[in-house]
Amino acid sequence: MAKDKIVERTEGDDILDALSLRINSTLKTEKKIDDQKNNVYFWLFKFIVLAFYLLIINGVFTILREIGVDLIYSIAVSLRGILSLIWTTIIEFARWLLTLYLLFKNLKIFMNSSYYKRLYVKDQEMNKKKKKFFNTTSSVLKYLSVPFLLFLCISIAFLLAFLTLQVYMLINGMYSASLILITVILTFICYSIFRNIQYKFFNLGSIVRKRTIAIMSIFFLFSLLLFSYETSGYEVNSTLPTGFKIENKIMYFDVMRGQDIILKSGSKYENIHVYTDDTLVNQIRVELEYFDTANANYTYYFNDNDDLFMEFNSELDFHIKDFDYVLKLVIDTIRDKTLYNYNLFKYPTINVYVSSDYLNDVTLLDYDNNQKEIEV
């Protein structure tokens, strides 16, 4: 029995080439020519494989994003909203940058192939249209990398400013070794990615080796563990430092015995707390506490069964002037060795008071509309 022909990868091939060559060979669509890539079927299969490859990559990044956010909200003591935002931004940045690079890279490979060069070589009009289309597409993909470069520039500038603040604090006897290390490593990683984008898309400068970035990423994980160890001894404060004005809002709602009271927060941060207050008669009291940057709001209605449904939401309303509070918060945290309730910058603390007779009528829903156990 004759053995199947083995498809060998040549120098310069990648995994997509190998898969396309294998499909081409299995389906026996390749022509009897020396260069198996010099036919339409190879490139057809390759771009189909590329499409599936991008779908898989995007699926993996989506899973990583959701797992990371869930871990942050289940493990982190504070800063959950900010940390989840940073994590989501990193994942989305990596997802779209990798997608853009794979499209650009494989388009350039196609444009440098022998098949592309012989395509419409005898039809001058179609040959001009071919070059115009693919050159334009290549340029569009290339310059779509510019926003990524700008984002990295802004990130580096912010990190350097933050490092300057930490040097100032160090001079004044306040410092966190792990935070300094994290800032330095992140600055280097952002700079390395910036240089690699320049090289990959514009052929400018020199590339930073993947091994170097991998080593720095390992050091970054070590610095995170060090940061966790350093802050493990910090006190936990449910409010913000002195000088931060906390907004308070108190509301009363009339209820009847046996009427369901359904409470829901529009965030993954568990910020609704139920307390008993037997001075309340046929009423519930809702108290909101939040910082000025939290645009807190709520909606309520009575359904056909006269059940009271209340949902609380908030958005981050951050302005340039509010950076002063962020800097003060960093200084106070390290100086006082205290983890404050940074979530108040975006999420209100919601305290609901009901009579003990009405406690069984209260239902607390989480972010996914699942019923939660009420801890009084």
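Taking both residues in full, the closest heavy atoms of I193 and L152 are given as CG2-CD1, 3.7 Å, listed atom of the first, atom of the second, then distance. Nearest heavy atoms, S355 versus D278: OG-OD1, 3.5 Å.
The line from OG1 of T136 to CG of L141 is 11.0 Å long, rounded to the nearest 0.5 Å. With values rounded to the nearest 0.5 angstrom, D361 atom CG is found 9.5 Å from D307 atom CG. One distance of note links OH of Y191 with CD1 of I213; it measures 12.0 Å at 0.5 Å rounding. In this structure, CZ in F227 is found 6.0 Å from OG in S176, a value given to the nearest 0.5 Å. Note that the SG atom of C190 and the CD1 atom of I185 stand 12.0 Å from one another [nearest 0.5 Å]. The OG atom of S84 sits 10.5 Å away from the CD atom of E66 when rounded to the nearest 0.5 Å.
Contact annotation: the side chain of V255 never approaches that of Q283 to less than 4.5 Å [non-hydrogen atoms, C-beta and beyond]. Side-chain contact between V354 and L280: absent, with no pair of heavy atoms (C-beta onward) separated by less than 4.5 Å. Counting heavy atoms from C-beta on, the side chains of H273 and I350 never come closer than 4.5 Å. The side-chain heavy atoms of F244 and Y340, taken from C-beta on, include no pair separated by under 4.5 Å. Residues Y353 and T276 form no side-chain contact, since every pair of their non-hydrogen atoms from C-beta on lies 4.5 Å or further apart. Looking at N351 and V274, their side chains never come closer than 4.5 Å, going by heavy atoms from C-beta outward. Using a 4.5 Å heavy-atom cutoff, the side chains of S206 and R195 are in contact. T338 has its side chain within reach of N237: a pair of non-hydrogen atoms, C-beta onward, lies under 4.5 Å apart.
Between the side chain of T99 and the backbone N or O of R95 there is at least one donor-acceptor pair closer than 3.5 Å. In this structure, the side chain of S228 does not engage the main chain of L224 through any donor-acceptor pair within 3.5 Å. Of the possible donor and acceptor atoms, one in the side chain of S145 sits under 3.5 Å from a partner among the backbone N and O of K142. Under a 3.5 Å cut-off, the side chain of S113 and the backbone N or O of Y116 do form a donor-acceptor pair. Here the side chain of N127 pairs no donor or acceptor atom with the backbone of D123 at under 3.5 angstrom. Looking only at distances, a side-chain donor or acceptor of S223 sits under 3.5 Å from a matching main-chain atom of F220. With D277 contributing its side chain and T279 its backbone, the two residues share a donor-acceptor pair below 3.5 Å. Side chain of W87 to backbone of L64: a donor-acceptor contact under 3.5 angstrom is found. In this structure, the side chain of D322 does not engage the main chain of F318 through any donor-acceptor pair within 3.5 Å. N196 places a side-chain N or O within donor-acceptor distance of the main-chain N or O of V208, the cut-off being under 3.5 Å.
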**OP:** Could you go through the ring pair (Phe, Tyr, Trp, His ring centres under 6.0 Å) check for F345 and Y290 one step at a time?
**Re:** CA-CA 7 Å; F345 271 75; Y290 53 91; over 10 Å; no
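Transitive grouping of hydrophobic side chains (ILVMFWY, heavy atoms separated by less than 4.5 Å) keeps V281 and I284 in distinct clusters. Hydrophobic clustering keeps L163 apart from I331 (ILVMFWY residues linked when any side-chain heavy atoms are closer than 4.5 Å, directly or through intermediates). By the rule that hydrophobic residues join a cluster once side-chain heavy atoms approach within less than 4.5 Å of another member, I171 and I180 end up as members of separate clusters. Under the 4.5 Å side-chain contact rule for hydrophobic residues, M256 and V286 do not share a cluster. Side-chain heavy atoms closer than 4.5 Å link hydrophobic residues (I, L, V, M, F, W, Y) into clusters, and following such links, possibly through other members, connects W96 to L50.
More than 12 non-hydrogen atoms from other residues, nucleotides or ligands lie less than 6.0 angstrom from CZ of F309. For R209, the CZ atom sits in a loose shell: 12 or fewer heavy atoms of surrounding residues, nucleotides or ligands are nearer than 6.0 Å.
Using a 4.0 Å cut-off between a side-chain N of Lys or Arg and a carboxylate O of Asp or Glu, D332 and K328 qualify as a salt bridge. Using a 4.0 Å cut-off between charged side-chain N and carboxylate O, E287 and R285 make a salt bridge. Electrostatic pairing of E92 and R65 counts as a salt bridge here, judged by a charged N lying under 4.0 Å from a carboxylate O. Between K245 and D292, no side-chain nitrogen of the basic residue sits less than 4.0 Å from a carboxylate oxygen of the acidic one, so the salt-bridge criterion is not met.
Remark: of the listed residues Y325, Y342, Y347, Y325 is the sole one forming a ring-ring contact (aromatic ring centres under 6.0 Å, His included) with F291. Applying the side chain to side chain contact (heavy atoms under 4.5 Å, CB included) test between P348 and each of I272, N271, N343 identifies N271 as the sole match. Shown are Y101, F104, F194, F93; of these, the ring-ring contact (aromatic ring centres under 6.0 Å, His included) with F148 is made only by F93.
For F201 and Y143, the ring centers sit 6.0 Å or farther from each other.
In this pair, F158 and F162 present their aromatic rings parallel. The plane angle is below 30°, not in the 30 to 60° band. Ring-plane geometry between Y298 and F312 is classed as tilted, the angle between the planes lying from 30 to 60 degrees on a 0 to 90 degree scale.
With F134 as the aromatic partner, K129 does not meet the cation-pi criteria of under 6.0 angstrom to the ring centre and within 45 degrees of the ring axis.
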